[in-house]
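Letters A, B, ... mirror the listed sequences (proteins, then strands); counts begin at 1. If you're wondering where the values come from, they're calculated on a predicted model, not measured in any experiment.
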Amino acid sequence: MPKTPQAIRGTQDIFGPDAEAFAFVVETFERVRKLYRFRRVEMPVFEKTEVFARSIGETTDIVSKEMYSFDDRGGESLTLRPEFTAGIARAYLSNGWQQYAPVKLATHGPLFRYERPQKGRYRQFHQIDAEIIGAAEPQADVELLAMADQLLKELGIEGVTLHLNTLGDGDSREAWRAALVDHFRAVKDELSEDSQERLEKNPLRILDSKDRRDQRFVADAPKIDQFLSDDARAFFDAVTSGLDAAGVKWQRAESLVRGLDYYRHTAFEFIPDEGSEAAGKLGSQSTILGGGRYDGLMESLGGAATPAVGWAAGIERLAMLVGEREEDALELAVVVEGDTEQLHSAGVRTAMMARSEGVAAEVFAAGSPRKRFDKAVKSGAKVIMAFGEDGEGNLQAPRMKGDEADIERVSHALREFALKLRD
RNA sequence: GCGAUCGUAGCUCAGUUGGUUAGAGCGCCGGUUUGUGGUACCGGAGGUCGCGGGUUCGAACCCCGUCGAUCGCCCCA
């Protein structure tokens with residue numbers, strides 16, 4: 001016997017209730033996205049490596065060690081997408097979608113990151129994604145967040161709050177960053193090992209360190225608000241008042257920064273409330289939906305300066321929060337009581353007629369007659385219909401079992417089909 | 001990349017300080033409950049105890065390695 005190959009680490013085969021929950025998330029997203037008139041876009045799963053390296057930031061962990069990169073036969077370095085935004089930006093530029101600007105785009109699909117798998121985190125994972133490109137106004141941020149908020153509500157997810165921050169414009173962000181470095185460098189020796197390293201690579205990240213040693217110094221660290229330009233402040237005020245008007249609840253998160261270089265102004269995450277049921281289900285992964293404004297991204301890919309905002313959410317994480325979803329019930333189970341040609345065709349034909357009229361049907365025609373009934377009963381079918389023959393081999397009229405209303409609905413469907421045949 | 005815990009039947013798990021042919025439930029297949037049938041009962045198939053070494057008269061159990069899984073750290077959705 002040849003050995004069965006193992007699945008790749010960090011990949012998942014999703015089935016049953018989990019797969020139903022996954023589908024429910026995607027279907028709900030598709031429905032909500034249409035309500036906000038986001039247009040569907042499909043993109044390649046892989047790109048030239050530089051697309052991600054240049055836009056996400058060379059020094060980020062994603063680019064430096066988490067990308068699935070490989071050389072193709074022509075010797076070009078390609079990478080399985082670790083996120084959507086960079087690819088969408090590339091597509092926007094290479095297809096001249098400026099002509100549609102401002103344009104609202106939505107997509108979903110698999111992403112890849114070479115990371116150690118754990119609860120709510122995989123090497124191949126899936127996201128839903130929404131972007132507004134070419135809109136500089138804070139109203140775009142508001143609309144995008146309103147959609148996220150509505151999506152979570154329609155998924156029935158509770159105990160999750162929008163954490164909101166601003167990183168200011170490019171200058172504000174740089175000034176803040178410099179002040180933070182000064183602040184933390186003064187106490188460098190007392191910081192955790194991780195944060196000493198972050199000081200060089202990504203000082204903003206020290207702000208949400210989980211280490212107690214760092215948290216003492218985080219409290220009195222410089223705040224972004226001190227460095228905001230008037231424009232940046234006005235922008236953020238417009239976003240928050242817009243959210244209030246739209247009825248989207250939010251809370252200020254002064255130390256919320258996002259990992260990627262391209263963020264400016266608005267940054268946000270939807271995070272389960274401390275101690276909530278949702279928080280428990282997610283383990284140590286807390287963010288279920290995150291994003292922000294990335295006004296500088298297009299330029300890093302050689303395009304004209306183009307304002308944009310977007311977010312992405314992990315489908316697996318959302319699916320964990322929507323909980324078990326049962327598959328739709330079987331409506332009609334057709335049991336064939338023997339193995340003659342006549343009986344089998346009767347069963348197959350009946351199921352076909354039912355399905356043509358939108359009634360979910362399945363035929364049970366394997367194993368002993370007793371097992372067929374057992375399986376039909378266990379299938380949870382609302383109506384069981386049995387075909388048998390009399391002693392002389394004549395097909396008997398089918399017998400139906402189930403609630404009167406259910407039987408009537410199935411019978412009605414079968415009659416409808418017969419009527420159409422006659423016309 | 002680092003740490004902790006765990007790998008026994010298709011699935012969920014027992015397996016007493018190391019001691020005969022490794023068990024149960026569910027699922028699957030066949031049958032009985034002398035008619036139609038979610039019950040109950042009987043029987044059957046199915047296991048290199050993750051893999052490789054070692055210790056021992058003897059290893060599912062102890063030791064080392066390795067692979068995998070889970071959870072956490074880093075980072076992130």
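Checking side-chain atoms of A:E83 against main-chain N and O of A:A86 turns up a donor-acceptor pair under 3.5 Å. A:W176 contributes a side-chain N or O that, together with a main-chain N or O of A:P222, makes up a donor-acceptor pair within less than 3.5 Å. Between the A:E389 side chain and the A:Q342 main chain, no donor and acceptor come within less than 3.5 Å of each other. Here the side chain of A:R372 pairs a donor or acceptor atom with the backbone of A:G338 at under 3.5 angstrom. Looking at A:R264, its side chain never comes within 3.5 Å of a backbone N or O of A:G296 through a donor-acceptor pair.
Atoms CD and CZ, on A:E190 and A:F217 in that order, are 4.0 Å from each other to the nearest 0.5 Å.
Nearest to the side-chain atoms of A:D194 among the listed nucleotides B:A77, B:C74, B:C75 stands B:C74. Listed nucleotides B:G37, B:C75, B:G27 differ in distance to A:R198; the shortest reach to its side chain belongs to B:C75. For A:R113, the side-chain atoms get nearest to B:A77 when compared with the rest of B:C71, B:G38, B:A77. Comparing B:G1, B:U36, B:G38 by their closest approach to the side chain of A:R116 singles out B:G1. Of the candidate nucleotides B:G27, B:C76, B:G30, B:C76 has the atom lying nearest to any side-chain atom of A:R317. Which of B:G37, B:U70, B:C29 sits closest to the side chain of A:K401 comes down to B:G37.
Summarising the geometry, the separation between CD on A:E115 and C1' on B:A77 is reported as 9 Å, rounded to the nearest angstrom. Rounding to whole angstrom units, CZ of residue A:R123 and C1' of B:G1 are separated by 11 Å. The distance from atom CE of A:M67 to atom C1' of B:C76 is 15 Å, rounded to the nearest whole Å. For A:F52 and B:C76, the CZ to P distance is 17 Å, given to the nearest whole Å. Rounded to a whole Å, the CG atom of A:L282 is 13 Å from the C1' atom of B:C76. Rounded to whole Å, atom P of B:C74 lies 17 Å from atom CG of A:L204. A:D374 has its CG atom 13 Å from the P atom of B:U32, to the nearest Å. Remark: C1' of B:G68 and CD1 of A:I8 are 13 Å apart, rounded to the nearest angstrom.
Salt-bridge annotation for A:E408 and A:R415: present, with a side-chain N of the basic residue lying under 4.0 Å from a carboxylate O of the acidic one.
Side-chain nitrogen and oxygen atoms of A:Q118 include at least one within less than 4.0 Å of the OP1 or OP2 phosphate oxygen of B:G72. Between A:K375 and B:C29, a side-chain N or O to OP1/OP2 separation shorter than 4.0 Å is present. Note on A:S284: a side-chain N or O is less than 4.0 Å away from OP1 or OP2 of B:G72. Residue A:R205 places at least one side-chain N or O closer than 4.0 Å to OP1 or OP2 of B:C76.
Nearer to the 5' terminus of RNA chain B, by closest-nucleotide assignment, is the contact made by A:P117 (compared with the other of A:H126 and A:P117). Nearer the 5' end of RNA chain B, as judged by each residue's closest nucleotide, is the contact made by A:Y114, out of A:I315 and A:Y114.
The P atoms of B:C74 and B:C2 are separated by 16 Å, rounded to the nearest whole Å. The P atoms of B:G47 and B:A24 are separated by 15 Å, rounded to the nearest whole Å. Separating the C1' atom of B:C64 from that of B:U21 is a span of 31 Å, rounded to the nearest Å. Comparing the same atom, C1', in B:G15 and in B:A9 gives a spacing of 14 Å after rounding to whole Å. B:A45 and B:G50: their C1' atoms are spaced 24 Å apart (whole Å). Using P as the reference atom, B:G52 and B:U8 are 16 Å apart when rounded to the nearest Å. To the nearest whole angstrom, the two P atoms, one in B:A22 and one in B:C49, are 10 Å apart. Between B:G7 and B:C61, the two C1' atoms lie 14 Å apart (nearest whole Å).
Using Watson-Crick or G-U wobble geometry with both donor-acceptor distances under 3.5 Å, B:U48 finds no partner in any strand shown. For B:G35, there is no paired base (Watson-Crick or G-U wobble, both distances below 3.5 Å). Pairing for B:A24 goes to B:U12, judged as Watson-Crick or G-U wobble with the two contacts each under 3.5 Å. Checking B:U5 for Watson-Crick or G-U wobble geometry (two distances, each under 3.5 Å) identifies B:A69 as its partner. The partner of B:U17, taking Watson-Crick or G-U wobble pairs whose two distances both stay under 3.5 Å, does not exist in any strand shown. Remark: B:C61 base-pairs with no nucleotide in the shown strands. Criterion, Watson-Crick or G-U wobble with two distances under 3.5 Å. Using the Watson-Crick or G-U wobble rule with both distances under 3.5 Å, B:C29 pairs with B:G43.
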Determine, step by step, whether A:I157 and A:L151 satisfy the side chain to side chain contact (heavy atoms under 4.5 Å, CB included) criterion, reporting the C-alpha distance in whole Å, the side-chain angles of both residues, the deciding distance to 0.1 Å, and the verdict. CA-CA 9 Å; A:I157 293 173; A:L151 172 68; over 6 Å; no
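Nucleic acid contact for A:Y122: base, since at least one base atom lies under 4.0 Å from a heavy atom of the residue. A:R372 comes within 4.0 angstrom of no nucleic acid atom, judged by non-hydrogen atoms across all strands. Across all strands, A:G388 comes closer than 4.0 Å to no nucleic acid atom at all (heavy-atom distances).
Cation-pi geometry between A:R81 and A:Y68 is not met: the NZ or CZ atom fails to fall both under 6.0 Å from the ring centre and inside 45° of the normal. For the pair A:R293 and A:Y263, the NZ or CZ position fails the cation-pi test of under 6.0 Å to the six-membered ring centre and within 45 degrees of the ring normal.
Side-chain atoms of A:E316 and A:H126 form a donor-acceptor pair, as typed in the model, at a separation below 3.5 Å. With 3.5 Å as the limit, one finds a donor-acceptor pair spanning the side chains of A:T85 and A:E131. No hydrogens or angles considered: nothing links the side chains of A:D149 and A:W250 as a donor-acceptor pair under 3.5 Å.
Both stacking criteria are satisfied for A:F125 over the base of B:A77: a centre-to-centre distance under 5.5 angstrom and an angle between ring planes under 30 degrees.
Remark: nothing in residues 14-25 of chain A comes within less than 4.0 Å of RNA chain B through any heavy atom. Interface residues of residues 329-345 of chain A facing RNA chain B, ordered by number: A:E337; criterion, heavy-atom separation under 4.0 Å.
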